[in-house]
Amino acid sequence: MRSDANIAGPMTDPVPGPRTESTGEHVSRETPPPMDDTPIGRAAQLAVEALGRAGEGLPRPERTRVIVVANQKGGVGKTTTTVNLAASLALHGARVLVIDLDPQGNASTALGIDHHAEVPSIYDVLVESKPLAEVVQPVRDVEGLFCAPATIDLAGAEIELVSLVARESRLQRAIQAYEQPLDYILIDCPPSLGLLTVNALVAGQEVLIPIQCEYYALEGLGQLLRNVDLVRGHLNPTLHVSTILLTMYDGRTRLASQVAEEVRSHFGDEVLRTSIPRSVRISEAPSYGQTVLTYDPGSSGALSYLEAAREIALKGVGVSYDATHAHIGAQSDPSMVEGMQ
Ligand SMILES: Nc1ncnc2c1ncn2[C@@H]1O[C@H](COP(=O)(O)OP(=O)(O)OP(=O)(O)O)[C@@H](O)[C@H]1O
Ligand SMILES: [Mg+2]
C-alpha cells in the first residue's frame with residue numbers, strides 16, 4: 001500500500017510534544033506518545049509543509065531502491081543519516097525500511113525500536129535464515145517507516161557468517177524474499193568493511209557515503225571505493241556510489257568549506273547540493289528514541305534532511321533538482337548554526 005495519506009492538508013491541531021528550539025519544551029521519555037496519528041507525527045508533517053511543498057509529494061521509484069549507507073570511518077554520521085533520511089522519505093509519502101546492520105544497534109535505538117537480546121533481529125535473518133518479514137517492526141510516529149533491528153547478537157555474526165553457505169549474499173536473499181512493497185530500503189552499516197558491510201553491498205544497488213566535514217574526511221575512502229569495485233566486479237554488477245552527503249557542516253569555519261570543496265571536486269555530481277549542518281537537535285534526538293524529524297521538526301537539521309531526501313528522490317528518477325532550498329544545510333550565517341552560539 002502506498003501511503004499518500006502522509007502528505008496531509010493544512011493542520012489545525014495544536015502541536016504539543018516535541019521539544020522545539022523556540023520553547024525549549026521537553027518530551028519526557030516516560031510518557032511515550034500514542035501509536036497512531038501522534039502529535040509528534042503531525043508535528044513532523046509540519047516540517048514537510050514548512051518547505052512549502054506538502055501537496056507536491058515526491059516521485060516514487062519504479063523499483064525499490066536499496067541504499068547502503070557506508071563509510072568505515074567511525075562517527076561520520078552514517079546512522080544519523082540513515083534514520084533521518086528514512087524518516088524524511090517516509091514523511092514525503094514513501095514506504096521505507098531501515099535495516100540496522102550495526103551490532104551497536106544505534107539505528108534501532110534512534111527509531112525507538114526495542115532491540116534487547118531476545119527481540120527477533122537481523123542476526124536471525126542473516127545467521128538463522130529467518131524471513132525478514134518476521135523481524136521488521138513499524139516505527140512509532142512515522143507512518144510508512146519500518147525497521148529491522150540489530151541486537152547485540154550481531155556482534156558475533158561476522159565470525160559465524162564465515163562458515164555459512166552464500167555468506168556474502170544472505171541479506172540480498174532475505175530482501176529478495178521480502179514481499180511487502182517498499183520504495184526504499186536504507187541499510188546502516190557498521191564502521192568496518194567486514195562481512196556485514198559486504199552483505200549490504202551485495203544486497204544494494206546504491207552506496208551513500210556520509211562524509212564529515214573535518215580533517216582527514218577522505219581518509220580511508222579509497223578502501224571503501226575499492227571494495228565497492230570488487231563487489232561490483234564479482235557479486236553485484238548494479239552496485240555504484242550514487243550519493244555523497246556532507247555531514248556536520250559548520251558554515252562558520254573555513255575548514256568545512258575547504259573539505260566540502262575538496263569532496264565536490266573529487267566526486268562531482270554524486271555530492272548532494274544539500275549538506276547537513278552541525279546541530280545540537282540532531283545529536284539529542286536519539287536519546288529520546290526519535291529522529292530529528294519528530295523531535296524538532298522545524299529545526300535546521302530536520303529541514304536539511306528533508307531537503308536531502310527530496311534531492312535523493314528526484315535524482316533517482318532523473319529529475320533535476322531545484323537548489324532553492326539547498327542552502328538550508330550549507331548556510332554560512334553563524335546564527336543559524338544551532339547550539340553553537
Ligand atoms: N549533523 C550533526 N550535528 C551534530 N551531531 C551530529 C550530527 N550528525 C551526527 N551527529 C552526532 O555524531 C555522532 C556520530 O554520529 P553517527 O552515530 O550517526 O555516526 P556513525 O557514522 O553512524 O558512527 P559509527 O561509525 O559509530 O556507527 C553521534 O553522537 C551523533 O549524534
Ligand atoms: Mg552508526
Side-chain angles (χ1 to χ4, degrees), residues 19 21 67-88 98-113 115 122 147-152 154-155 158 186-194 196-197 200 207-214 216-221 223-224 243-253 255-256 259-260 272 274-296 299-309 328-331 334 336-341:
R19 176 182 171 145
E21 283 164 79
I67 303 177
V68 180
V69 182
N71 187 337
Q72 81 269 34
K73 206 163 153 57
V76 297
K78 293 181 287 296
T79 302
T80 305
T81 293
T82 303
V83 299
N84 289 304
L85 270 184
S88 298
V98 167
I99 296 182
D100 189 350
L101 214 55
D102 186 344
Q104 298 176 101
N106 294 340
S108 313
T109 303
L111 293 172
I113 298 288
H115 61 110
I122 201 69
C147 175
T151 61
I152 191 66
L154 196 59
E158 290 277 5
L186 270 64
I187 307 176
D188 184 29
C189 291
S192 66
L193 294 172
L196 288 172
T197 298
V207 183
L208 184 160
I209 307 178
I211 294 183
Q212 184 181 356
C213 294
E214 291 247 328
Y216 309 122
L218 299 177
E219 194 188 56
L221 273 190
Q223 189 60 43
L224 172 62
T243 311
I244 309 285
L245 178 61
L246 297 167
T247 63
M248 301 184 227
Y249 187 91
D250 180 351
R252 297 172 308 169
T253 68
L255 174 63
V259 171
L272 294 188
T274 311
S275 49
I276 307 301
R278 187 172 278 286
S279 150
V280 171
R281 294 292 178 265
I282 288 178
S283 59
E284 285 172 345
S287 60
Y288 293 86
Q290 289 186 43
T291 66
V292 74
L293 279 303
T294 53
Y295 178 64
D296 193 348
S299 64
S300 63
L303 296 178
S304 60
Y305 270 115
L306 279 168
E307 198 56 23
I328 287 169
Q331 43 68 33
M336 291 285 286
V337 181
E338 296 163 44
M340 305 290 284
Q341 295 92 332

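Each ligand, and each atom within it, is numbered from 1 in the order the structure gives.
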Could you establish whether [X] and ligand 1 come within less than 4.0 Å of each other, counting only heavy atoms on the residue side?
X	value
E284	no
G301	no
I282	yes

Closest protein heavy atom to [atom], given as residue, atom name and distance to 0.1 Å:
atom	answer
atom 25 (O) of ligand 1	K78 NZ, 2.8 Å
atom 17 (O) of ligand 1	T79 CB, 4.1 Å
atom 10 (N) of ligand 1	M248 CE, 3.9 Å
atom 28 (C) of ligand 1	T80 OG1, 4.7 Å

Main chain of N71, side chain of K78: is a donor-acceptor contact present, judged purely on distance under 3.5 Å?
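Indeed, once roles are kept as given, a pair shorter than 3.5 Å links the two residues.
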Spell out, as yes or no, whether a donor-acceptor pair under 3.5 Å connects the side chain of Q72 to the backbone of L193.
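No, because the side chain of Q72 does not come within donor-acceptor range (under 3.5 Å) of the backbone of L193.
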Verify the distance criterion only: is there a donor paired with an acceptor across the side chains of T81 and Y305 at less than 3.5 Å?
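Result is yes, a qualifying pair exists.
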Measuring only between side-chain heavy atoms, which start at C-beta, is L186 closer than 4.5 Å to D188?
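No, their side chains stay 4.5 Å or more apart.
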Do L154 and L196 come within less than 4.5 Å of each other through their side chains, counting heavy atoms only?
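L154 reaches L196 side chain to side chain.
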Taking only heavy atoms of [X], which atoms of ligand 1 are found under 4.0 Å from at least one of them?
X	result
V76	19 (O), 20 (P), 21 (O)
G77	15 (O), 16 (P), 18 (O), 19 (O), 20 (P), 21 (O)
G74	25 (O)
G75	14 (C), 19 (O), 20 (P), 21 (O), 23 (O), 24 (P), 25 (O), 26 (O)
Q104	24 (P), 26 (O), 27 (O)

Can you confirm whether something in the protein, heavy atoms only, sits under 4.0 Å from atom 4 (C) of ligand 1?
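True for atom 4 (C) of ligand 1.
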Quick one: does atom 13 (C) of ligand 1 have a protein heavy atom under 4.0 Å from it?
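Protein heavy atoms within 4.0 Å of atom 13 (C) of ligand 1 - there are none.
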Measure I276 to ligand 1 on non-hydrogen atoms and call it side chain, backbone, both or neither using the 4.0 Å cut-off.
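I276 to ligand 1: side-chain contact only, backbone stays beyond 4.0 Å.
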Any idea which part of D102 is under 4.0 Å from ligand 1, heavy-atom wise: side chain, backbone, both or neither?
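Under 4.0 Å from ligand 1, D102 contributes side-chain atoms alone.
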Where is the tightest heavy-atom contact between L101 and A200, given as atom of each residue plus distance?
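Here L101 and A200 meet closest at CD2-CB, 3.7 Å.
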Can you measure from CG (D250) to OG (S279) and round to the nearest 0.5 angstrom?
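The distance works out to 11.5 Å.
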Quick one: which of S304, P277, A285 has a heavy atom closest to atom 1 (N) of ligand 1?
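Among S304, P277, A285, the closest heavy atom to atom 1 (N) of ligand 1 belongs to P277.
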For atom 11 (C) of ligand 1, which candidate among A70, S283, P286, P103 holds the nearest heavy atom?
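The nearest heavy atom belongs to S283.
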So that I can check it, does any N, O or S atom in T79 come closer than 2.8 Å to the Mg ion (ligand 2)?
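Yes - counting backbone and side chain alike, T79 has an N, O or S atom under 2.8 Å.
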